[in-house]
Amino acid sequence: MSETGAKIIQTERLRLRMPEMDDFAAYAELMASPRSVGMGGPFDRRAAWGMFCHDVALWQLFGHGALMIDLAETGECVGQVGINHGPLFPEKELGWLVYEGHEGRGYATEAATVLRNWAFATLSLPSLVSYIAPGNAASIAVAQRLGGRLDLTAPRTDPEDLVYRHLAA
């Protein structure tokens with residue numbers, strides 16, 4: 001935790017930090033785009049706001065939530081990684097999204113790896129899951145790079161989702 005109580009995790013290339021109001025515009029743009037189909041979208045601005053607030057509120061309610069992914073060198077925000085929970089998720093979910101133009105550079109894998117490791121060490125979780133739409137090859141690849149294994153028996157809100165389970169070491 002930083003001095004203000006805000007969660008910050010640093011890697012060589014990335015800085016993961018708490019969401020701020022200035023992050024909402026890019027988040028809402030992604031959620032309104034066809035790229036959000038695998039998350040149930042596209043979403044209008046009102047729905048995107050509710051999701052954004054959910055990501056922030058999780059920190060107060062559960063001690064985990066979303067972190068924005070900034071490039072350490074420039075400070076540019078390139079996406080989000082988070083641990084989701086609450087009534088919308090049967091289990092604690094490790095999720096990620098990368099903004100257009102920043103895909104394919106390993107940001108999601110790097111951010112999800114450090115947040116997963118933080119969650120296992122800090123929250124003492126035995127596992128996390130990632131819910132992924134079947135056609136989302138990029139997210140499936142990230143889950144597999146993280147060591148996630150397909151769990152055909154895991155509970156899921158969307159029966160079509162693939163569920164990748166990440167086990168604590």
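When Leu162, Val163, Ile132 are each tested for a side-chain contact (heavy atoms from CB on, under 4.5 Å) with Leu150, only one passes: Leu162. Under the side-chain contact (heavy atoms from CB on, under 4.5 Å) test applied with Leu94, the options Thr113, Leu125, Leu115 reduce to a single match, Leu115.
Hydrophobic clustering, with ILVMFWY side chains joined whenever heavy atoms are under 4.5 angstrom apart, keeps Leu14 apart from Met68. The hydrophobic cluster containing Leu128 also contains Leu152, counting ILVMFWY residues as joined when their side-chain heavy atoms lie under 4.5 angstrom apart, directly or transitively. Under a hydrophobic-cluster definition in which Ile, Leu, Val, Met, Phe, Trp and Tyr are linked whenever side-chain heavy atoms come within less than 4.5 Å, directly or via other members, Met18 and Tyr27 are assigned to different clusters. Note on Val98: it does not cluster hydrophobically with Phe24, by side-chain heavy-atom contacts below 4.5 Å among ILVMFWY residues. Linking ILVMFWY residues whenever their side-chain heavy atoms come closer than 4.5 Å, directly or via other members, places Val81 and Leu123 in the same cluster.
Within a 6.0 Å radius of CZ in Arg105, more than 12 heavy atoms belonging to other residues, nucleotides or ligands are found. The number of heavy atoms from other shown groups lying within 6.0 Å of CZ (Arg45) does not exceed 12.
Between Glu73 and Arg13 no salt bridge is recorded (no basic side-chain N to carboxylate O distance below 4.0 Å).
The shortest distance between side-chain heavy atoms of Glu100 and Leu30 does not fall below 4.5 Å. Inter-residue side-chain proximity for Arg165 and Leu167 is flagged as met; some heavy-atom pair is nearer than 4.5 Å. Side-chain contact between Trp59 and Leu67: present, with at least one pair of heavy atoms (C-beta onward) separated by less than 4.5 Å.
What you find for Ala48 and Ala28 is that their closest heavy atoms are CB-CA, 4.0 Å. The heavy-atom pair separating Phe52 from Pro19 by the smallest distance is CZ-CB, 3.9 Å. Of all the heavy atoms in Gly148 and His166, the pair that sits closest is CA-ND1, 3.6 Å. Closest of all the heavy-atom pairs between Pro42 and Val37 is CD-CG2, 4.1 Å. Among all heavy-atom pairs drawn from Asp70 and Gly75, the shortest one is CG-O, 3.7 Å.
Here the straight-line distance linking atom CD of Glu110 with atom CH2 of Trp96 works out to 14.5 Å at 0.5 Å rounding. How far CD of Gln80 is from CD1 of Ile69: 8.0 Å, rounded to the nearest 0.5 Å. With rounding to the nearest 0.5 Å, the separation of OH in Tyr131 from OH in Tyr164 is 14.5 Å. Interatomic distance, Asp161 CG to Ser130 OG, rounded to the nearest 0.5 Å: 10.5 Å. Separating the CZ atom in Arg145 from the CD1 atom in Ile140 is a distance of 11.5 Å, to the nearest 0.5 Å. Going from atom CZ of Arg15 over to atom CD1 of Ile9 covers 11.5 Å, rounded to the nearest 0.5 Å.
The backbone N or O of Ile83 lies less than 3.5 Å from a partner atom in the side chain of His64, making a donor-acceptor pair. Listed for the His54 side chain is no donor-acceptor partner under 3.5 Å among the backbone atoms of Asn84. For the pair Thr157 (side chain) and Leu88 (backbone), a donor-acceptor distance under 3.5 Å is present.
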Evaluate Met51 against Met31 for side chain to side chain contact (heavy atoms under 4.5 Å, CB included), listing each step before the verdict.
CA-CA 9 Å; Met51 294 165 65; Met31 292 304 174; 3.9 Å; yes
Apply the test side chain to side chain contact (heavy atoms under 4.5 Å, CB included) to residues Glu91 and Arg156: give CA-CA distance (whole Å), side-chain angles for both, the deciding distance (0.1 Å), then the verdict.
CA-CA 8 Å; Glu91 296 186 60; Arg156 63 203 81 208; over 6 Å; no
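Applying the side chain to side chain contact (heavy atoms under 4.5 Å, CB included) rule to Ala47 yields the partners Phe43, Asp44; only residues at least two apart in sequence or on another chain are considered. Not counting sequence neighbours, the partners of Asp23 by the side chain to side chain donor-acceptor pair (under 3.5 Å) test are Arg17.
Identified under the side chain to side chain donor-acceptor pair (under 3.5 Å) test for residues 29-40, with sequence neighbours left out: Arg35-Glu103.
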